Amino acid sequence: MKLESSVTELKGIGAKTEKLMNRIGVYTIKDILLYFPRDYIRYKEPIKPGEICQEGMYAVMGQVAGTPLLKKTGRMELVQAKLADGTGYIECVWFHAPYIRSQLKSGQTYIFYGRARTKGRGFQMEQPQIYTPLQYEEKMKTLQPVYGRTEGLSNAMLVKAIRQALENVSLAYEFLPEKIRKKEGICEYNFALRQIHFPDTMETLTMARKRLVFDEFFLFILNIQRQKEKRAQIPNDFPIQNETVIPYVISHLSYQLTRAQKKCLDEIIGDMKKGIAMQRLVQGDVGSGKTIVAFLCMALMGENGYQSALMAPTEVLARQHYETFVEMCERYSLERKVILLTGSLTAREKRRAYENMQLYPDAIIIGTQALIQEKAVFTNLGLVITDEQHRFGVRQRETLAEKGIHPHILVMSATPIPRTLAIIIYGDMDISVIDEVPAKRLPNKNCVVSISYRNTAYEFIRKEIKKGHQAYVICPLVEESEEIEAENVTDYSKKLMEYYQGEVKVGCLNGKMKPAEKNRIMESFANGETDLLVSTTVVEVGVNVPNATVMMIENAERFGLAQLHQLRGRVGRGTAQSYCIMVDNIQSKASKKRLDILNHSNDGFFIAGEDLKLRGPGDFFGIRQSGDLAFSLADIYQDADVLKRAADDVKELLEEDPELKKEENQRLLLRLEKSHVEQMNL
């Protein structure tokens, strides 16, 4: 079995399962081996039945009371049993598993592992796993992988397929030079691949993860450095001759630009006047005013007779940018055509957009990935801007740039990355930082609370909605998971609908929805038709809703601090006082210490820096930043030390062998070429 073989070569994967695998991006044996767990189950110490005090995942030890019952209801068979001891009992039920009845012996001691739910005055477990005390003792020594899934694809199916692939596939070649491996003290590649899926111990998991994270950073930085020289030679084909529009618009704004915004603009204009094409990143904290900077740059390009394009990650955000830019052009009497191009436009609307892109060589063009489609032909593209750039793959960004002839490149990000790390990650770009928030913005009021505060929070949300405002509730999961204890959007939205009894209009949003459905829900919230939006982190690059004043985040301990900061940036965008309520479900000393940083600061760059200091080995459960730069495992915050060491090793390697021609670097060169193709296809 080869790495390039179809996943259907694995036993048990037919056409139906293949389609499900394709949905999660798995097509080949290599794909499934690189489909890493998103979490691990660490089996808990067993408790007595009477010690269960609230719903959740438990390992419960007791004796089977009496003979288990087999009941038939229509076509369904179910087995019922009670696990009891001197402290109390818990009811257990299994569906479509009649063999369980003969497996359980009355009076014998077992440990049942599963989710306990309230039933009547007691608790019930559905489909719990069954272990003898000896079996469970062995389980407690292991870490069980939990994978991201799609409907119809179980965790057990993925575990079985990955075990089979690891047993049958030929070993992958070791591509890191031995000198680097020894220097960094990192394990062999195939060992890392096995241990990341099925770790023997926490120690071997940490070793495996360190190796794979190092690989991601090392190859990423090596690619950047090898491309840097080529990009530095690209000539500036769109020089700036006229500069009247920016001072004109600034003088007519109803507010003053911050010092940081002015400095950023000066740096961008300076780049556009140089002999080579601009490659610049603008890092701006949430609410720092990046949009007006983008508009002024695009207006400047239009004044000089060039087109500019801004690619946004969602249709709703693209439409919002479009409406804002149209309104500003009208307000400041700028005779500039603003064009919108998104996937949801009708065929007639798209044809009109394509025609306008040909008719207006100085147009401002706003869109989504529709901008990189073959039919989208630009006339005179001089500036390309990507908004929330980490949401786009390398290939998507470069395809847009290729729509013109060496246009200026400007990427914008609200992800607060400390400068020392940003210089490494964006090694081929100059960096501008907007680290001030406009004076008119009121800072959010923050609080970190336990789950006992929920009803108080619900009532606070009700009061804000009665004032005419809106609110968000963020959950980490789309739907309930048997493996992970965390709130999910599906059940939580139903719970809130019941709680508010129709008084509050509740919407439900998650990343698994079809684009058209996501757009409909987000537009409904943006237009004020929905009062309360229950969502996953998909809203962190959502629309600007100045009317939203409350952000409640469930399981805040599962998120990275930088991501929490971005989430709460969805509120506080209007003139009213806004609030962020972070619910810490575990209330550990470590989580309290981390969340307390957010509780006392609204400065994203300070928060990112503090996040670096608090991360340690084993902190990679549940707190990975979402989506940053499309790394599979690596996290620039918790893995900052590995990132810095990888950058140092790349520098040393290229100083010794710039073209990677030495024999010991040939395998690395081969792997690098493959990784570049993979990055381009992200």
Side-chain angles (χ1 to χ4, degrees), residues 53-57 118 286 442-467 469-477 480 484-500 503-504 506 508-509 531-537 539-540 548-573 576-604 606-607 610-611 614 619 621-623 625-626:
C53 56
Q54 64 181 30
E55 294 188 350
M57 295 292 290
T118 306
V286 177
L442 289 171
N444 288 340
K445 290 186 177 179
N446 309 296
C447 63
V448 179
V449 300
S450 67
I451 57 175
S452 63
Y453 187 84
R454 277 190 185 132
N455 281 7
T456 307
Y458 298 159
E459 288 307 308
F460 181 75
I461 289 170
R462 191 200 300 269
K463 286 179 184 176
E464 284 294 300
I465 289 170
K466 279 185 176 179
K467 290 179 186 177
H469 298 310
Q470 293 164 275
Y472 297 92
V473 173
I474 304 300
C475 299
L477 301 180
E480 187 178 67
I484 300 173
E485 277 193 82
E487 297 297 334
N488 71 88
V489 166
T490 308
D491 292 336
Y492 208 102
S493 56
K494 291 175 185 175
K495 180 169 75 174
L496 288 180
M497 286 177 194
E498 290 175 12
Y499 183 88
Y500 290 117
E503 187 181 341
V504 171
V506 179
C508 178
L509 177 71
D531 301 315
L532 175 58
L533 185 63
V534 183
S535 175
T536 56
T537 57
V539 299
E540 72 178 314
T549 58
V550 184
M551 166 71 70
M552 181 177 174
I553 305 172
E554 283 285 355
N555 295 102
E557 75 282 352
R558 293 192 66 84
F559 299 101
L561 296 188
Q563 187 177 24
L564 287 169
H565 178 64
Q566 281 186 281
L567 285 167
R568 69 178 176 183
R570 292 297 103 204
V571 297
R573 304 173 82 86
Q577 179 63 61
S578 293
Y579 309 86
C580 180
I581 303 165
M582 291 166 277
V583 184
D584 181 358
N585 291 51
I586 62 173
Q587 293 278 293
S588 69
K589 285 184 180 179
S591 70
K592 284 180 181 178
K593 187 176 180 182
R594 288 180 67 250
L595 295 174
D596 197 51
I597 293 168
L598 286 161
N599 202 11
H600 293 95
S601 177
N602 284 301
D603 181 342
F606 168 78
I607 288 163
E610 290 300 298
D611 208 3
L614 290 176
D619 276 352
F621 291 105
I623 56 173
Q625 310 297 330
S626 175

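Keep in mind the model is a prediction, meaning the values are calculated, not measured. In what follows, every heavy atom counts, from backbone to side chain, and hydrogens, waters and symmetry copies are set aside.
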Exercise. Measure the shortest side-chain to side-chain distance between Asn602 and Arg568 over non-hydrogen atoms and say whether it is less than 4.5 angstrom.
Key: yes

Quiz item: Side chains of Tyr499 and Glu459: closer than 4.5 Å at any heavy-atom pair?
Solution: yes

Quiz prompt | Side-chain heavy-atom pair Asp531, Tyr500 within 4.5 angstrom cut-off | solution = no

Exercise. Rounded to the nearest 0.5 Å, what's the gap from CE on Met552 to CD1 on Ile474? Could you check?
Key: 11.0 Å

Exercise. Output the distance between atom CG (Asn455) and atom CZ (Phe460), rounded to the nearest 0.5 Å.
Key: 15.0 Å

Exercise. Please report the C-alpha distance between Ile451 and Gln54 in whole Å, then the side-chain angles of each, then the deciding distance to 0.1 Å, and finally whether the side-chain contact (heavy atoms from CB on, under 4.5 Å) criterion is met.
Key: CA-CA 12 Å; Ile451 57 175; Gln54 64 181 30; 4.0 Å; yes

Quiz item: Taking the side chain as C-beta and beyond, is there a heavy-atom pair between Asn444 and Val571 under 4.5 Å?
Solution: yes

Quiz item: Does the side chain of Glu557 come within less than 4.5 Å of Asn585's, by heavy atoms?
Solution: yes

Quiz prompt | Approximate separation, where rounding is to 0.5 Å, of Leu509 CG and Thr537 OG1 | solution = 10.0 Å

Quiz item: Nearest 0.5 Å, what's the CG-CD1 distance between Asn446 and Ile597?
Solution: 12.5 Å

Quiz item: To the nearest 0.5 Å, how far apart are OH in Tyr492 and CG in Leu477?
Solution: 13.0 Å

Exercise. Identify which one of His600, Lys592, Lys593 satisfies the side chain to side chain donor-acceptor pair (under 3.5 Å) criterion when paired with Asp596.
Key: His600

Atom pairs and distances, donor-acceptor, side-chain atoms in residues 576-583, under 3.5 Å, two or more places apart:
unit_1 : atom_1 : unit_2 : atom_2 : d
Gln577 : NE2    : Pro443 : O      : 3.0
Ser578 : OG     : Gly572 : N      : 3.0

Quiz item: Looking at side-chain heavy atoms only, is the closest gap between Leu496 and Val504 below 4.5 Å?
Solution: no

Quiz prompt | Minimal non-hydrogen separation, Val489 against Val534, with atom names | solution = CG1-O, 3.8 Å

Practice problem: Please check if the side chain of Ser493 supplies one atom and the backbone of Thr490 the other of a donor-acceptor pair under 3.5 Å. | Solution: yes

Exercise. List for me each residue that meets salt bridge (Lys or Arg N to Asp or Glu O under 4.0 Å) alongside Lys467, sequence neighbours excluded, and say none if there are none.
Key: Glu464

Practice problem: Please name the pair of heavy atoms, one in Phe559 and one in Cys475, separated by the smallest distance, quoted to 0.1 Å. | Solution: CZ-C, 4.4 Å

Self-check item: Check: Leu595 and Leu564 side chains under 4.5 Å, non-hydrogen atoms
Solution: yes

Practice problem: For Glu55 and Thr118, indicate whether the former's side chain and the latter's backbone hold a donor-acceptor pair under 3.5 Å. | Solution: yes

Quiz item: Roughly how far apart are Leu532 CG and Met497 CE, rounded to 0.5 Å?
Solution: 9.0 Å

Quiz item: Are Lys495 and Tyr458 close enough that some pair of their side-chain heavy atoms sits under 4.5 Å apart?
Solution: yes

